[in-house]
Amino acid sequence: MAASPSAPPPPAAAAGVGVWSPAPQSPSPNLANFFVWREFVWGAIAGAFGEGMMHPVDTLKTRLQSQAIITGAKAQKNIFQMIRTVWVSDGLKGFYRGISPGVTGSLATGATYFGVIESTKTWLEHSNPNLSGHWSHFIAGGIGDTLGSFIYVPCEVMKQRMQVQGTKKSWALTATKGNISQTPGAPMYNYYNGMFHAGCSIWRDHGLKGLYAGYWSTLARDVPFAGLMVTFYEAMKELTEYGKRKYLPESNLHASNSFEGLLLGGLAGGFSAYLTTPLDVIKTRLQVQGSTTSYNGWLDAITKTWANEGMSGLFKGSIPRIIWYIPASAFTFMAVEFLRDHFNEKIDTDARELTGLSMDTRSEVEEAA
C-alpha cells in the first residue's frame with residue numbers, strides 16, 4: 001500500500017531505502033472507513049443506553065409539556081405532582097411507557113450523530129477554511145442530527161403518544177373526562193399496545209403525515225440543539241486547555257479525555273437543552289395532539305402557547321429536559337473521547353505499519369531489478 005498522497009514520502013523512502021518513518025501517516029481509506037463505521041455502532045449503543053437510563057425523566061417531561069392538550073390549560077401540575085400522578089395511576093411501568101420506540105429512535109440518532117459529526121467537521125474545515133472553528137462544529141452537529149431525523153421522528157411520535165397514554169385504564173379515564181382537543185367520551189386516538197401497534201394505527205389513521213407529525217418543528221429544535229451542543233463542547237474544551245496553560249503551566253495534574261468528555265459533555269448538553277426548551281414544547285404538542293387539532297402548525301402553536309400560558313408555558317418541562325440531557329450527553333461524549341483514545345491510535349498505528357511494509361516491499365523489488 002502506497003503512502004497517502006496528501007503526505008509526501010520521507011526522504012529515506014524516496015531514495016529507495018526500506019525504513020519506517022516515525023512521522024504520522026494518514027490511515028488507509030479502508031482502515032479509515034472501518035473506523036467510521038465502528039463509530040456508528042458505538043454511537044448507536046451509547047444513544048440507546050442513554051435513552052434507556054433516562055426514559056422515566058423523559059416521560060415526565062412529555063407529560064408536563066402536553067398537559068395543555070390532554071387535560072386542559074388550567075391547574076397544570078409541577079414535576080413533583082406529575083411524579084405522584086404517574087406513580088398512583090400507572091405505577092413503575094408508567095414511567096417506562098414508550099421505551100421501545102424511544103430506544104429505537106435513539107439508536108438511529110446516536111449512530112448518525114456519533115458517526116457523521118467528526119467526518120463532517122473535518123471535511124468542512126478542509127474544504128472551506130472560512131467555516132473552521134465553531135461554525136464547522138455547529139454545522140456538523142446539525143447535519144448529523146438531521147440525518148437521524150428520518151427514523152427518529154416517527155419513533156418520537158409513537159413514543160410520546162404512548163408516554164401520555166400511560167396504562168390502558170388511566171387513558172380510558174382521561175378520555176371520559178373530555179379535554180380541549182376531543183369530544184367527551186371519544187379518545188384522541190386508540191390505546192397502543194406496543195410500538196408496532198402504534199405505528200400501524202398512526203399509519204392507518206393519518207398515513208405518512210401522521211408518523212412525521214411535527215417533523216419540521218423537530219428539526220427546528222434538534223438542529224440548533226445538536227449544533228449548540230457540539231459547539232459548547234468544543235468551546236469548553238478549548239477554554240479548559242487555555243486555563244491549563246495559563247494557570248497550571250507546570251502542574252502534573254492530568255484529567256483523562258474520557259473524564260473531560262463526561263464533565264464537559266454534560267454541561268454542553270444541559271446548556272443546549274435549556275436554550276431549546278421552547279422549541280421542544282412546540283414539537284411535543286404538535287406530535288401528541290389528535291385528529292381534532294389544537295394547533296394549525298408551528299407558528300400557531302407558539303402564538304397560542306404564548307397567549308394562554310406566557311413565557312412559563314414555552315419553558316414547560318425545562319427541568320426534566322435538563323435532567324435528562326446532562327447525563328445522556330455526558331455519557332455520549334465520554335464514549336466519544338474513550339473511542340478516540342483507544343481506537344484512533346490503534347488504527348493509525350496499523351496504517352503506519354502497513355505503509356512501512358509497502359515501502360519495504362518496493363525497496364526489495366527495486367533491488368531485484
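By convention here, the first residue in the shown sequence is residue 1. Please read all numbers here as calculations on a predicted model, not as lab measurements.
Every residue two or more places apart in sequence or in another chain that forms a ring pair (Phe, Tyr, Trp, His ring centres under 6.0 Å) with F315 is listed here: Y274. For the side-chain hydrogen bond (donor to acceptor under 3.5 Å, both in side chains) test, no residue two or more places apart in sequence or in another chain qualifies with D222. Remark: S329 engages no residue in a side-chain hydrogen bond (donor to acceptor under 3.5 Å, both in side chains) (not counting sequence neighbours). Judged as a side-chain hydrogen bond (donor to acceptor under 3.5 Å, both in side chains), and not counting sequence neighbours, the contacts of D300 are K304.
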**Item:** Residue pair Y295, I302: steps toward the side-chain contact (heavy atoms from CB on, under 4.5 Å) verdict
**Value:** CA-CA 9 Å; Y295 307 113; I302 292 180; over 6 Å; no
**Message:** Using side-chain contact (heavy atoms from CB on, under 4.5 Å), reason through D58 and K159 one step at a time and then give a plain yes or no.
**Reply:** CA-CA 10 Å; D58 185 65; K159 180 198 74 173; 2.6 Å; yes
**Prompt:** Where do L262 and F333 land on the side-chain contact (heavy atoms from CB on, under 4.5 Å) test, with the steps shown first?
**Reply:** CA-CA 6 Å; L262 183 71; F333 280 103; over 6 Å; no
**Asked** Step by step, would you call R285 with S217 a side-chain hydrogen bond (donor to acceptor under 3.5 Å, both in side chains)?
**Response** CA-CA 10 Å; R285 294 186 174 184; S217 62; over 6 Å; no
**Prompt:** Can you list the steps and then say if M334 with F259 is a side-chain contact (heavy atoms from CB on, under 4.5 Å)?
**Reply:** CA-CA 7 Å; M334 180 183 69; F259 178 77; over 6 Å; no
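Cluster membership for L219 and M158, using ILVMFWY side-chain heavy atoms within less than 4.5 angstrom, is shared. Note: the hydrophobic cluster containing F138 also contains L267 (ILVMFWY, side chain heavy atoms under 4.5 Å, direct or indirect links). Placement of V86 and L92 within a single hydrophobic cluster is found when ILVMFWY residues are connected by side-chain heavy-atom separations under 4.5 Å, directly or transitively. Cluster annotation: V88 is not connected to F80 through the hydrophobic network of ILVMFWY side chains, with a link wherever side-chain heavy atoms come within less than 4.5 Å. Taking hydrophobic clusters as Ile, Leu, Val, Met, Phe, Trp and Tyr residues chained together by side-chain heavy-atom distances below 4.5 Å, I322 does not share a cluster with L263.
Interatomic distance, R84 CZ to I79 CD1, rounded to the nearest 0.5 Å: 15.5 Å. E234 CD to E238 CD: the interatomic distance, rounded to the nearest 0.5 Å, is 7.0 Å. Going from atom CG of L275 over to atom CG of L228 covers 6.5 Å, rounded to the nearest 0.5 Å. How far CD of Q160 is from OG1 of T62: 4.5 Å, rounded to the nearest 0.5 Å.
Counting heavy atoms from C-beta outward, L279 and F225 have side chains that stay 4.5 Å or more apart. Side-chain atoms of W216 and W298, non-hydrogen and from C-beta on, never get closer than 4.5 Å to each other. Annotation: side chain of L64 is not in contact with side chain of K61 (no heavy-atom distance under 4.5 Å). Considering only heavy atoms from C-beta on, M53 stays 4.5 Å or farther from P327 through its side chain. The side-chain heavy atoms of Q65 and K283, taken from C-beta on, include no pair separated by under 4.5 Å. Counting heavy atoms from C-beta on, the side chains of T218 and E156 never come closer than 4.5 Å.
Atom CZ of F271 sits in a sparse spot, with 12 or fewer heavy atoms from other residues, nucleotides or ligands closer than 6.0 Å. Annotation for I319: atom CD1 does not count as buried by contact number, only 12 or fewer foreign heavy atoms lying within 6.0 Å. Sparse packing is recorded around CD1 of I151, with 12 or fewer heavy atoms of other residues, nucleotides or ligands lying under 6.0 Å away.
Minimum interatomic distance between H197 and Y192 (heavy atoms only, all atoms of both residues): ND1-CA, 3.5 Å. When all heavy atoms of T276 and S272 are compared, the pair lying nearest together is OG1-O, 2.7 Å. The minimum heavy-atom distance linking M229 with A268 is given by the pair O-CB, 3.5 Å. Of all the heavy atoms in P101 and C155, the pair that sits closest is O-CB, 3.2 Å. Taking every heavy atom of both residues into account, P56 and G52 meet most closely at CD-O, 4.4 Å. G210 and V157 get closest at one heavy-atom pair: O-CG1, 3.8 Å.
The salt bridge (charged side-chain N to carboxylate O under 4.0 Å, His left out) contacts involving residues 85-102 comprise R63-D90, where partners must be two or more places apart or lie in separate chains. The side-chain hydrogen bond (donor to acceptor under 3.5 Å, both in side chains) contacts involving residues 138-151 comprise S149-Y215, where partners must be two or more places apart or lie in separate chains.
The closest donor-acceptor contact from the side chain of E51 to the backbone of A48 lies at 3.5 Å or more, if one exists at all. Distance alone, capped at 3.5 Å, is enough to place a donor-acceptor pair between the Y212 side chain and the F150 backbone. Of the possible polar contacts, none joining the W324 side chain to the V57 backbone as a donor-acceptor pair under 3.5 Å is found.
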